[in-house]
Protein chains: 2
Amino acid sequence: MINNWLDSIKWNEQGLVPAIAQEAGSGKVLMVAWMNREALKLTASSGKAVYWSRSRKKLWHKGEESGHEQIVHELRTDCDNDVILIQVVQVGGIACHTGRHNCFFQRLEDGQFKAVDPQLKDPNIIYRK
Amino acid sequence: MINNWLDSIKWNEQGLVPAIAQEAGSGKVLMVAWMNREALKLTASSGKAVYWSRSRKKLWHKGEESGHEQIVHELRTDCDNDVILIQVVQVGGIACHTGRHNCFFQRLEDGQFKAVDPQLKDPNIIYRK
């Protein structure tokens, strides 16, 4: 019963729900990823964002490689219980694997998407072993 | 070729992409819905948010019943080209069909989701014919 809030979520056919990470304070939308039940449970219990990597098919503790963890301040769902919205503090100020502050750096201008936000750090440095 | 920016989007198996509507100015995340190619094209060309209703299986011109249109100020996609983020002005100040400002009014507190934002208008009044 202690996790019955997890039962209120409408998981899709793959058992996933999209999760939006929004930066507390600035309100910037940092990224969208997916959570399965375990990821959402861990996000709530640990206070750090945990996603489900669809490509790697495993839990993805945000920042596990980059150090760019997300500290969760608030967790919400929408009227349909099929989207998660978390307010986070972005450690390192970089949410995107491209080394940018957030993933939404491509803006539609004159009929094409243009990268309009700066790369803050070289991914080769972020992800070097 | 004029619509080749639409080809850069990674549509899912259903030919859809999730779209986040964020309120210009406040930065509030208003709602998440889905767009197919036609909806995204119309959103960009008309300057008003058009979604694809998965339940009704047809284009959904946001506000067509409620009058609560969304005027689009900016359109972005993310690093994976699989999520759309639009900055909008929310006509009427109500994005949610429940009569609330936005759809993310349920906050996780003490192990359950609680509705923490006020209903601004009765849906029966919003949607009466």
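Throughout, protein chains are lettered first and strands after them, A, B, ... in sequence-line order, and every chain is numbered starting at 1.
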Identify whether [X] and [Y] are in the same connected component of the hydrophobic contact network (ILVMFWY, side-chain heavy atoms under 4.5 Å).
X	Y	value
B:Val72	B:Ile9	yes
B:Ile94	B:Val29	no
A:Trp11	A:Trp60	yes
B:Val17	B:Met31	yes
A:Leu42	A:Leu6	no

Can you say whether B:Leu30 sits under 4.5 Å from chain A via the side chain, the backbone, both, or neither, judging by heavy atoms? neither
Closest non-hydrogen atom pair, A:Gly111 against B:Asn4: O-OD1, 4.2 Å
Just to verify, what does B:Asn12 make a side chain to side chain contact (heavy atoms under 4.5 Å, CB included) with, not counting sequence neighbours? B:Gln14, B:Leu16, B:Trp34
Can you say whether A:Asp117 sits under 4.5 Å from chain B via the side chain, the backbone, both, or neither, judging by heavy atoms? side chain
With a 3.5 Å distance limit and no angle check, can you tell me whether A:Gln22 reaches the backbone of B:Gly27 through a side-chain donor-acceptor pair? yes
Scan residues 93-125 of chain A for pairs that pass ring-ring contact (aromatic ring centres under 6.0 Å, His included), counting only residues two or more places apart or in two chains. A:Phe113-B:Trp5
Which residues share a salt bridge (charged side-chain N to carboxylate O under 4.0 Å, His left out) with B:Glu74, sequence neighbours left out: A:Arg107, B:Arg76
Sub-4.5 Å side-chain heavy-atom contact between A:Pro18 and B:Pro18: no
For the interface with chain B, which of A:Leu75, A:Leu108, A:Thr77 has the highest count of heavy-atom pairs at distances below 4.5 Å? A:Thr77
Greatest number of non-hydrogen atom pairs under 4.5 angstrom with chain B, of A:Asn102, A:Ile20, A:Asp78, falls to A:Asp78
Sub-4.5 Å heavy-atom contacts with chain A: which residues of residues 82-89 of chain B show up? B:Asp82, B:Val83, B:Ile84, B:Leu85
Under a 3.5 Å cutoff, is there a donor and acceptor pairing between the side chains of B:Gln106 and A:Asn81? yes
